[in-house]
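What follows is one structure encoded as structure tokens, with my remarks underneath.
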Amino acid sequence: MYRQMERDAILRKRHNIHVSGSNVPSPLQDFAELKTRFKCKSYLLRNIAELGFKEPTPIQRQAIPVLASGRECFACAPTGSGKTLAFVCPMLMKLKRASKEGIRAVILCPTKELAAQTTRECRKLARGNKFRIKLMTKALVTNPDLSKLRCDILISTPLRLWLAIKKRKMDLSRVEYLVLDESDKLFELGLVKQIDFVVKACSNPSIVRSLFSATLPDYVEELARTIMHDAVRVIVGRKNMASESIKQKLVFAGSEEGKLLALRQSFAESLNPPVLIFVQSKERAKELYGELVLDNIRASVIHSDLSQIQRENAVDDFRAGKTWVLIATDVIARGMDFKGVNCVINYDFPDSAAAYIHRIGRSGRAGRSGEAVTFYTEDDIPYLRNIANVMTASGCEVPSWIMALTKKRWKKHRPQRESISTKPKDERA
Ligand SMILES: Nc1ncnc2c1ncn2[C@@H]1O[C@H](COP(=O)(O)OP(=O)(O)OP(=O)(O)O)[C@@H](O)[C@H]1O
């Protein structure tokens, strides 16, 4: 027994895994242990191998055995570190096989794009099994009677699921497995009541619940403790840390005009696509798109004013390499897995340290390297230190004058910014 504890401690130390809770299950040495320890079915191991995953990532090593042992869990691990598999794999293990009993697992995601991506990942991992995996679409939520919906796993945004339960009599009393992905964002969306309603609707006493995110503020942990029994806390690295594989840089652009010049200059010197550019509002996304199109840059744009189809097309074109630059609001800052984004540009300074961590985490995924450039103006200087702290914690250098600034407690930093345009001010509409 002591030997096992010692082995666990060594493995955790090697992978920078920190746990708390009673009798925490041993971390995985490798994926093969899923079969020997948990009788995982061959189809799942085959799918993991076919996806090219040779070794479990640190969060997978610890969260999978915790959840597969039936323990509840809240987990924090860097962006791009394989959290999706960490909650989908034990879910498929727990459900074992397809059944007609009704909804048995629910995954909540903060955005429709992330819900769609998670549905695709679930389907890939479930190949060879007959699980019915459904995404809660607008069409589904308007179905007048969802009480007879036949599906094993349901993936949804909180509002759609809440509507389905309240208005369409969706029954979640058989749910055995509930995941709140990007949990801090879910609570931040102002949907605490709706999430609470969903959690209560999942009334099966033997349910296993889990929370995952790359940023886990203390208030979310406290909330988690109030709803979970005997939960295990798993942290990889340090809480609220950016991925270490991203080279991060701050660039002083002086003014709003300076930002456009700096962007054009950097594209003229070297445009290394795919590049993701974040701005603070949909209006600014449209403006910047208008400017880049003038430069004949293959760009597309995604924001909340577009239809669902237009949003999906923008993401698909970027994924397929049809467009090189994607201009986005924070709508895709979380969870979206774009393979090989070389550079994330924060054209507008992020409104919080968490937003920064998630935005830049669209690059440097699954151990690849990435780059993040953050423009700042005079208006952003009071908030620089907060981002600088994230940078230094992940090993990036920051000028000493920035480290000497005082750290500001920020709510949301969204200053009024001059519109993005090369036209002289008196000619703008
Ligand atoms: N064991 C593994 N080995 C190699 N690659 C993996 C492994 N597990 C997952 N991946 C890949 O790593 C990438 C990131 O995984 P995932 O999207 O689950 O990250 P995440 O931790 O949820 O990130 P975020 O916090 O941004 O949501 C994906 O492309 C996924 O296919």
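Remember, it's 1-based here, ligands and their atoms both numbered in the order they're listed. No experiment lies behind these values; they were computed from the predicted model shown.
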Rounded to the nearest 0.5 Å, the OG1 atom of T323 sits from the CZ atom of R298 at a distance of 8.5 Å

Do we see a donor-acceptor contact under 3.5 Å between the side chains of Q4 and R7? yes

Quick one: which ligand 1 atoms are inside 4.0 Å of a heavy atom on P78? 21 (O)

Could an N or O of ligand 1 be found under 3.5 Å from any N or O of G52, whether backbone or side chain? no

Side chain, backbone, both or neither: which applies to K339 and ligand 1 if a contact is any heavy-atom pair less than 4.0 Å apart? side chain

Residue, atom and distance of the protein heavy atom nearest atom 25 (O) of ligand 1 read K83 NZ, 2.7 Å

Any heavy atom of E182 sitting closer than 4.0 Å to ligand 1? yes

Check each of F53, F31, F87, F212 against atom 10 (N) of ligand 1 and report the one with the nearest heavy atom. F53

Should Q117 be listed as contacting ligand 1, given a heavy-atom distance under 4.0 Å as the test? no

For atom 8 (N) of ligand 1, the option (of Q60, R365, K54) bearing the nearest heavy atom: Q60

Salt bridge present between R417 and D380 (N-O < 4.0 angstrom): yes

Would you mind running through ligand 1 and noting each atom that sits below 4.0 Å from a heavy atom of S81? 19 (O), 20 (P), 21 (O)

Is it the case that more than 12 heavy atoms not belonging to K239 sit under 6.0 Å from its NZ atom? yes

For atom 18 (O) of ligand 1, which protein heavy atom lies nearest, and how many Å away is it? T84 OG1, 2.7 Å

Check each atom of ligand 1 against the heavy atoms of A366 and keep those under 4.0 Å away; list them by number with element. 11 (C), 12 (O), 13 (C)

Has ligand 1 got any nitrogen or oxygen that is less than 3.5 angstrom from a nitrogen or oxygen of H358? no

Work out whether the distance between some heavy atom of R362 and some atom of ligand 1 is less than 4.0 Å. yes

Identify, by atom number and element, the atoms of ligand 1 in contact range of T57, meaning under 4.0 Å from any of its heavy atoms. 1 (N), 2 (C), 7 (C)

Quick one: does G80 get within less than 4.0 Å of ligand 1, heavy atoms only? yes

In the protein, which heavy atom is nearest to atom 29 (O) of ligand 1, and how far is it? D337 OD2, 2.5 Å

Go through the side-chain N and O atoms of T377 and D379 and say whether any donor and acceptor fall under 3.5 Å apart. no

Check whether the side chains of K35 and S42 place a donor and an acceptor atom closer than 3.5 Å, and report yes or no. yes

Residue that, paired with L276, satisfies side-chain contact (heavy atoms from CB on, under 4.5 Å) out of I345, I332, V325: I332

Using ring centroids (six-membered ring only for Trp), state whether F252 and Y376 fall under 6.0 Å. yes

Can you confirm whether the side chains of Y356 and Q248 place a donor and an acceptor under 3.5 Å from each other? yes

Keeping R174 on the side-chain end and R104 on the backbone end, is there a donor-acceptor pair under 3.5 Å? no

